[in-house]
Each structure stands twice: as structure tokens, then as C-alpha cells.
Amino acid sequence: MTCAVAVSPFQVVSSRKNATATQSSKEPPISTASLHATTIATAADFFTPSQLQQLHARLIKSGLPPSSSASALPLPRVAAVCALSSPSAFSYARRLFGLSDVASETVLWNSHLNTLSSSPSPADALALFSRLRFAGVASDVFTLSFVLKACSRTPAALPLGRAVHALVEKLGFRSDVFLLNTLVHMYASRGDISAARLLFDVIPAKDVVTWNIMITHYTKTGEMEIARHLFDLMPERSVRSWTAMIAGYGQWKKPREAVRLFREMESAGVQPNEVTVVAVLAACADLGELDLGKRVHEFAKRCSFQKNNVRVCNTLIDMYINCGCVEKARQVFDEMAERTVVSWSAMIGGHAMHGQGEESLKLFSRMREAGMEPNGVTFVGLLHACSHMGLLEEGKRFFRSMTEDYGIVPEIEHYGCMVDLLSRAGFLEEAREFIREMPVKANSVVWGALLGGAKVHKNINMGEEAIRHLVELDPLNDGYYVVLSNIYADAGRWEDVAKVRRMMKDRGLKKTPGWSTISLDDEVVHEFVAGESDHPRIEEVYRGWDELLEKLRCRGYVPDTSAVLLDMDEKEKEKVLYRHSEKLAVVFGLMNMRAGRPIRIMKNLRVCSDCHAALKLISEVTDREIVVRDRNRFHCFKHGSCSCRDYW
DNA sequence: CTAGGGTTAG
């Protein structure tokens, strides 16, 4: 052990006594415990040579013989720190290694390269590698695979990656599939797709990982057809192959495909893992696929995913929220042992979407008490909550606090929320002013919010102002024109309604037909389209509506035909209203679902005022809970009233 | 001592 001390390049520390003396000198003492694998890289910057020496001395003092268990000792860690310090420290590190009885030096360095390559600063692995090359330490397949991994994770490391590729050839490792896979991955993640693909195509003995790497690349860039092509072509698929595809479909807004593939995966008998669960739950959230979501939840419980994995829980929360089950979401949230800012934000936003703004604000207080720092998304949820409750001052306070107290720079979403808040509350001029003073360029969401406010408050000028910008920003979206013509119709300006219709025609736009979906207990989705449904049981549904209408009339229901923009007589307008998709879907649900089960409906557009009024009454007359997922939010109809409190 | 997949806003 004393010889270890003697090789120190710094200062001779020859006894335990001296080691102690070093500790009590001016240099602040360091703790060996602070040398965690992942902090090695930063530690290298912190430790001065004398601190390193001090640390070494402490190790000697601990009395553990370096030969006892080299990997259990912090000695290699000390060495790793030295290795990234000055060149002299590097040779010191090498000599430190010389103390242990590890057969090959390469193996030891490999383990550090491994650690560094997956650390937050993979460039440190590259630095260490260049030291190793310079010092003439031999590289093996492991060395190169770690270096390539580090290259994949380091921007601008493509040239070095290519050099390592050359080394792979030079050292005769070209038939090592493992190494070739890391190479393909390196090229793909560093943006040299043609090199990646070229290599992929010439690897004769591709394994499942080779395919997965390439497939994952295409799912990341959104080239889902190519990804699918490879997926269909590959000889055998692992969980990760399926998961990559499912996640890709989800990310590129093809949740139907994601769910379809998940079901195929089930039929193929492949066990989903945590990541699969997250991916398919996200797709369920997008689709409002509650039944499948619930089934996946059960599975996640059985596998203890819910207990052990925060991301699984966060996605479960999101799924339940987007399927209209806030209570279920809240239950998952409450049962979580550990929560991240994502969990809190999702739940805060979820309560807001369901008209439970008070709960959002309460949760925010609890979040702060728990010492959790909010982020931008948290504030979107809070502003949303204020907006839906009409809490103007509260919302303004949050908006200010966000920057002043939390240092969060508002993004376009926050400005959108503020415009929504202001204009919904009737402060259209102030909203307009707010847009003018925004430091970022308003997008269609922002102007859309102003347009929405203009409709609620019947302000024609503001509506026209908003549409001027919207036709520029989002010319193909027919929804805005429809809202504008609504505003005109409300004011009885039929010639302007016709003008808007001509505008739409000139641009080749047609009003998107409204549709609603409802799923019974068997995971089968039934779709109803306004006016002309081709559902096989549509006649039955029409008769069911006529019967229900009689009951509603007895309770004082009067059709509100103002939402019908066509020029026709009142009776005709009523007929149009009675074929609105959400009404048909509700009737279908009432006819086919057990009493007491809530009816859940998803709609592509916003609920019209007549359907809103009708659904409130239906919930009372039939004593049913009806949950409708709108384009923007949820309406929960119960005992004759709606969770949105008619403020939407 | 080896590579590949994931969550919150709209």
C-alpha cells in the first residue's frame, strides 16, 4: 500500500498520519461518498490534484487492500477522476490501476467509458478515449461500442464516429453484429441516414436489434410507412419492435393504428412492458378508448407497473382524464407513492378540463406545500382552470406570478390562455390589446380564442378582426368561418352569412360534418354523423329520439334553432337539430347500456347550444350521467345541469 | 463491461 503512495505524481504521502494531516489542511475535505459513478465527469472539474491525492490517501487509510475486490473499491472511481484531469494525473490513474489485480487495463477503462457514455456528459467518454489512444491503451469491441454510444449522444461527434468506424474495420471487428448495431445507431442519431441505411442494408446477419434501431429511426422522423415496411419485413419481432411502432403511431397522431397494432401484438402473444403500456395508454387517451385503457390499467396493476413506474401512472392519469373519468384519474394520482411535476400538472389540467377549477387551484397549493416546482405546463392548466371559471383576476395573478415568482417565460400557449380568459369574460378590447403587446407572434389558437369570445359576446367587429388573421394563419380550417357565420346569424345578418358561405366555397372549404362516437361495453365504437348516419340501427335510433323528444317537451324543452345556419323555415331547422350526432349517440347509449352506467360520448366539434340544453334535460329525465368530450373540454351532464355551468 | 422504445399543455 505504501508503494501506491509513492507513485503519486503530486506529493509524497507516506503514512496514514500524513493522510489525516492533508484532510485538516486548508483544502476543503472531500468525501468518497460523493464520488458516484454519474458524477465522475463533473467531479473531474472540481477536484484539484491535491484533493485527488487526499482522496487517495483516504482510501489507503480505509485499509482495504486494492486486490480484495477491485470493482467494489472506489479506487477505479478515483482513477476515473484522475484520468480526466491533467495528463500527469492520467498517468497517475494508470498507475493506480496497476495496483489492482485486474488482468487487462482495457477492461477497466471500458467500464469507465461505459459509465461516462451514458452519463449526462457523454463527451467525457470521448475525452477519455482520446487519452487512451494517445497513451497506447488497446481497444477492444467493448471500448469501441461505448465510444460509439457516446458519439450517438454527442452533437457534432459524427466525424469522430466515422473515425471509430474506420477503427472497427482496421481492428477486424467488422463481423461483430453488436458493434455494427451501435454503428448504425450512431449514424442514424447523428443524422447521417444514408450511411446508416447503407450499413443496415449490407449487414448480412442482422439481428432483431439491427431492425429495431432502423425502425425506431423512421418512427422518430415520422416516416411511418418505411418503418412499417421494415416491421413487416423483419424475420422476428421483440417487444421493443412492437413498442417502437405503437409509440411511433401515437406520436404521429395515428392512435387508431397504434391501438390496432397493440391488439395484434396481444394476439401474437407478446407480453407488453412498461413502455408498451405507456404508448398504448397515450393512444387510448387520444381516442377516448376507455375500455381498452381500463384493460391495460388492470394489466399494469397485475405487473406492478402502476406501483413502480411514475410514467405509467402519469399516462394512466392522462388516459382517464381524456376519457372523461376525472375521479379515476384522481384515484391513480392519490395512490401514487411518488409524483413528478408531470403528475401534478396533468391532474391540475385535468380538473380544469372537467370544470373543476377549484380543485385545480387546491391541488396547486398542495403541490407547493409538497415543495414541487411548477413548470410551464402547470401554468397552462391553472390558466385553463381560471378561464373556465371566469376567474379573471386570479388568472392574471397566476400569469404574473409565473414569471415573477417562478422565472418561467410565457410561451404561446400561455398567451392563448390569457386571450381566452379575457375574451371569454367579455373583455374583448383588453384581449385585443393583449395580443398587440405580446412579445411573440399570435397564432391561430390565440386568434381563435378571440373569435370564440366574440361569438359568446356577440361582437361582430371583433369577430371580423379575428377572422382576418385566421384566414392567413389557418386558411383551411373551416371551423372559424362557421363561428363567424354564427355571429352574423345571431345578429340576423343573413346576407353576411351568405357572404361567409361564398368565401368558404371560393376556398374550396366545406363545413366539417359533426360526428359523435360512443362505445358500449365491448370495445366496439359506434359512430353517428349529423344528418346522414349510415349506422345499421339508425332507424331504431330515430324512433328512440322521437319518444325521448316527447318526454323532453313535457319538461319544457324548446328547440333552439339559432345554431342552424341554413336558410329554411323553423320546422326544417328543428329537423336538422334532431339529427345532430351527439343526440343520436345519446339515444343509442340509452337504448343499449345498462341503467346507471354513464354514457360517454366523443365529438369532433363543439357541442351546440341546443344539444347542450337537450343533454342537460336528458340527464334529468333519464337519470343518467352523460359525459361528452368536446373539441376543447368535457361536459358532464348530471341531474339536469352541466359541469361547465353553461360557461363554455 | 455491450445497442433499440415512454409521460403533462392544444
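All heavy atoms count here, side chains included; hydrogens, waters and symmetry mates do not. Residue numbers begin at 1 in each chain, while the letters A, B, ... track the order of the sequences.
- At a cut-off of 3.5 angstrom, the base of dG5(B) holds no donor-acceptor pair with the side chain of Asn212(A).
- Contact check on Asp405(A) versus Arg400(A) returns no salt bridge, with no Lys/Arg side-chain nitrogen under 4.0 Å from an Asp/Glu carboxylate oxygen.
- Atom CG of Asp176(A) and atom C1' of dC1(B) are 13 Å apart (whole Å).
- Here dG10(B) presents its P atom at 10 Å from CG of Leu383(A), a figure rounded to the nearest Å.
- OP1 and OP2 of dG4(B) both lie 4.0 Å or more from every side-chain N or O belonging to Lys206(A).
- Listed candidates were dG6(B), dG5(B), dG10(B). Nearest to the side chain of Thr276(A) is dG5(B).
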Take Trp344(A) and Phe364(A) through the ring pair (Phe, Tyr, Trp, His ring centres under 6.0 Å) test and state the conclusion after the steps.
CA-CA 8 Å; Trp344(A) 289 96; Phe364(A) 183 62; 9.3 Å; no

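- Separating the CG atom of Asn322(A) from the P atom of dT7(B) is a distance of 14 Å, rounded to the nearest angstrom.
- A sub-4.0 Å separation between OP1 or OP2 of dG6(B) and a side-chain N or O of Gln251(A) is present.
- For the side-chain hydrogen bond (donor to acceptor under 3.5 Å, both in side chains) test with Thr512(A), the passing option among Asn604(A), Asn477(A), Asp478(A) is Asp478(A); the others fail.
- Between Tyr187(A) and His165(A), the distance from one ring center to the other falls under 6.0 angstrom.
- Distances shorter than 4.0 Å separate some side-chain N or O of Asn114(A) from OP1 or OP2 on dT2(B).
- For Phe399(A) and Phe434(A), the ring centers are positioned less than 6.0 Å apart.
- Across the protein-nucleic acid pair, Phe178(A) atom CZ and dC1(B) atom C1' stand 10 Å apart, rounded to whole Å.
- The nearest whole Å value for the distance from the NE2 atom in His351(A) to the P atom in dA9(B) is 15 Å.
- In the region residues 226-243 of chain A, proximity to DNA chain B at under 4.0 angstrom, judged on heavy atoms, holds for Ser238(A), Arg240(A), Thr243(A).
- Contact annotation for Asn309(A): base contact, defined as any heavy-atom pair under 4.0 Å involving a base atom.
- Taking the six-membered ring where the residue is Trp, His469(A) and Trp447(A) present parallel rings, their angle staying beneath 30° rather than reaching 60°.
- Note on Phe379(A): nothing from the nucleic acid sits closer than 4.0 angstrom, heavy atoms only.
- With hydrogens and angles left out, the side-chain atoms of Asp207(A) and Thr210(A) include a donor and acceptor closer than 3.5 Å.
- With distances taken from any side-chain atom of Val275(A) to the nucleotides dG6(B), dA9(B), dG4(B), the minimum falls on dG6(B).
- Under 3.5 Å, the side chain of Asn181(A) and the base of dG4(B) form no donor-acceptor pair of N or O atoms.
- Closest approach to the Phe146(A) side chain among dA3(B), dC1(B), dG6(B) is made by dC1(B) (side chain taken as heavy atoms from C-beta onward).
- Phosphate proximity of dG10(B) to His384(A): present, with a side-chain N or O under 4.0 Å from OP1 or OP2.
- Residue contacts shown for Asp318(A) are limited to sugar-phosphate atoms, with no base heavy atom under 4.0 Å away.
- The side chain of Val445(A) approaches dG10(B) more closely than any other nucleotide in the set dG10(B), dC1(B), dG5(B).
- Put simply, CE on Met319(A) is 13 Å from P on dT8(B), counting in whole angstrom units.
- Aromatic ring centres of His297(A) and Tyr320(A): separated by under 6.0 Å.
- Put simply, CZ on Arg153(A) is 13 Å from C1' on dA3(B), counting in whole angstrom units.
- No contact: Lys253(A) has no heavy atom under 4.0 Å from any strand.
- Between Leu451(A) atom CG and dG10(B) atom P there is a gap of 18 Å when expressed in whole angstrom units.
- We find that Glu373(A) and Arg368(A) are not joined by a salt bridge, their nearest charged nitrogen and carboxylate oxygen being 4.0 Å or further apart.
- Checking the phosphate oxygens (OP1, OP2) of dG4(B), a side-chain nitrogen or oxygen of His185(A) falls inside 4.0 Å.
- Of the candidates dT7(B), dA3(B), dT8(B), dA3(B) carries the atom nearest the Thr182(A) side chain, counting heavy atoms from C-beta on.
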